[in-house]
Amino acid sequence: QKEVEQNSGPLSVPEGAIASLNCTYSDRGSQSFFWYRQYSGKSPELIMFIYSNGDKEDGRFTAQLNKASQYVSLLIRDSQPSDSATYLCAVTPSGGYNKLIFGAGTRLAVHP
Amino acid sequence: DTGVSQDPRHKITKRGQNVTFRCDPISEHNRLYWYRQTLGQGPEFLTYFQNEAQLEKSRLLSDRFSAERPKGSFSTLEIQRTEQGDSAMYLCASSSGQAETQYFGPGTRLLVL
């Protein structure tokens with residue numbers, strides 16, 4: 001079992017729709033959760049982080065965390081073609097914050 | 001530009017050669033990380049520095065890989081006797097403290113022929 005799992009996609013949504021990206025993790029002791037966006041050929045860019053159960057909103061982005069279910073998601077409202085990228089979920093392992101464990105990413109395609 | 005910088009951005013080398021990459025973190029960040037990313041995968045942790053001390057190294061990192069951060073500022077990652085399997089994007093990230101978010105540099109793309 002992979003430590004952080006994401007559906008590889010592609011997830012295709014029309015412009016203006018809500019894109020929902022999901023991530024599950026195996027380490028129950030993980031405390032910090034991050035979403036990065038990565039355009040093709042570029043490095044990861046931080047979108048959001050979340051530490052507590054519940055929702056956290058930042059502009060068009062909402063991160064949701066459910067530690068009991070070991071599940072974290074990212075919602076993108078009013079999706080734009082410029083949101084087309086790979087979205088990486090990352091978690092810090094229990095026992096320290098010295099690294100991030102990444103999923104393989106979900107490719108999002110927003111079509112006009 | 002006050003972000004993380006990496007040099008070179010691209011490197012093509014022949015199998016068996018040594019290569020060295022440099023990372024300059026955000027100036028006030030005392031934590032520096034190296035990751036490796038291959039096509040279709042997420043970044044994979046290689047090693048971590050707090051100031052000049054290398055505190056963690058992935059078990060996946062072979063003896064051909066070595067990293068330094070001699071003065072607690074920039075860091076270098078050296079790969080000796082490169083192999084074709086070393087071809088990847090090498091990413092550097094920095095953060096300002098425990099549990100703080102990590103910010104990535106542009107990466108160094110290595111191709112071993």
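Chain A is the first sequence line, chain B the second, and so forth, proteins listed ahead of strands; every chain is numbered from 1. Every heavy atom of this structure was used, including side-chain atoms; hydrogens, water molecules and symmetry mates were not.
B/M89 CE to A/K42 NZ: the interatomic distance, rounded to the nearest 0.5 Å, is 8.5 Å. Going from atom CD of A/Q38 over to atom CG of B/L91 covers 7.0 Å, rounded to the nearest 0.5 Å.
More than 12 heavy atoms of other residues, nucleotides or ligands lie within 6.0 Å of CG in B/L113, so this atom counts as buried by the packing criterion. Counting heavy atoms of neighbouring residues, nucleotides and ligands inside a 6.0 Å radius, atom CZ of B/R36 exceeds 12 of them. Within 6.0 Å of atom CD in B/E68, 12 or fewer heavy atoms from other residues, nucleotides or ligands are found, so the atom counts as exposed in its surroundings. Residue B/R15 qualifies as open at atom CZ: its count of foreign heavy atoms under 6.0 Å is 12 or below.
Side-chain contact between B/Q102 and A/Y36: present, with at least one pair of heavy atoms (C-beta onward) separated by less than 4.5 Å. Counting heavy atoms from C-beta outward, B/T101 and A/S32 have side chains that stay 4.5 Å or more apart.
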Evaluate the side-chain contact (heavy atoms from CB on, under 4.5 Å) criterion for residues B/Y35 and A/L100: first the C-alpha distance (whole Å), next the side-chain angles of each, then the deciding distance (0.1 Å), finally the verdict.
CA-CA 9 Å; B/Y35 293 83; A/L100 294 175; 3.5 Å; yes

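Annotation: ring pair (Phe, Tyr, Trp, His ring centres under 6.0 Å) contacts of B/Y103 (sequence neighbours excluded): none. Under the ring pair (Phe, Tyr, Trp, His ring centres under 6.0 Å) criterion, A/F33 pairs with A/Y25, not counting sequence neighbours.
No continuous path of ILVMFWY side-chain contacts below 4.5 Å connects B/W34 to B/F74, so the two sit in separate hydrophobic clusters.
Heavy atoms of B/E44 lying under 4.5 Å from chain A are absent altogether. For A/E45, no part sits under 4.5 Å from any heavy atom of chain B, backbone or side chain.
B/F45 and A/F102 have their aromatic ring centers separated by at least 6.0 angstrom.
Remark: side-chain polar atoms of A/S43 are not paired, donor with acceptor, to backbone N or O of B/G107 under 3.5 angstrom.
Contacts with chain A were tallied for B/S58, B/P43, B/A93, B/P106; B/P43 has the most, counting heavy-atom pairs under 4.5 Å.
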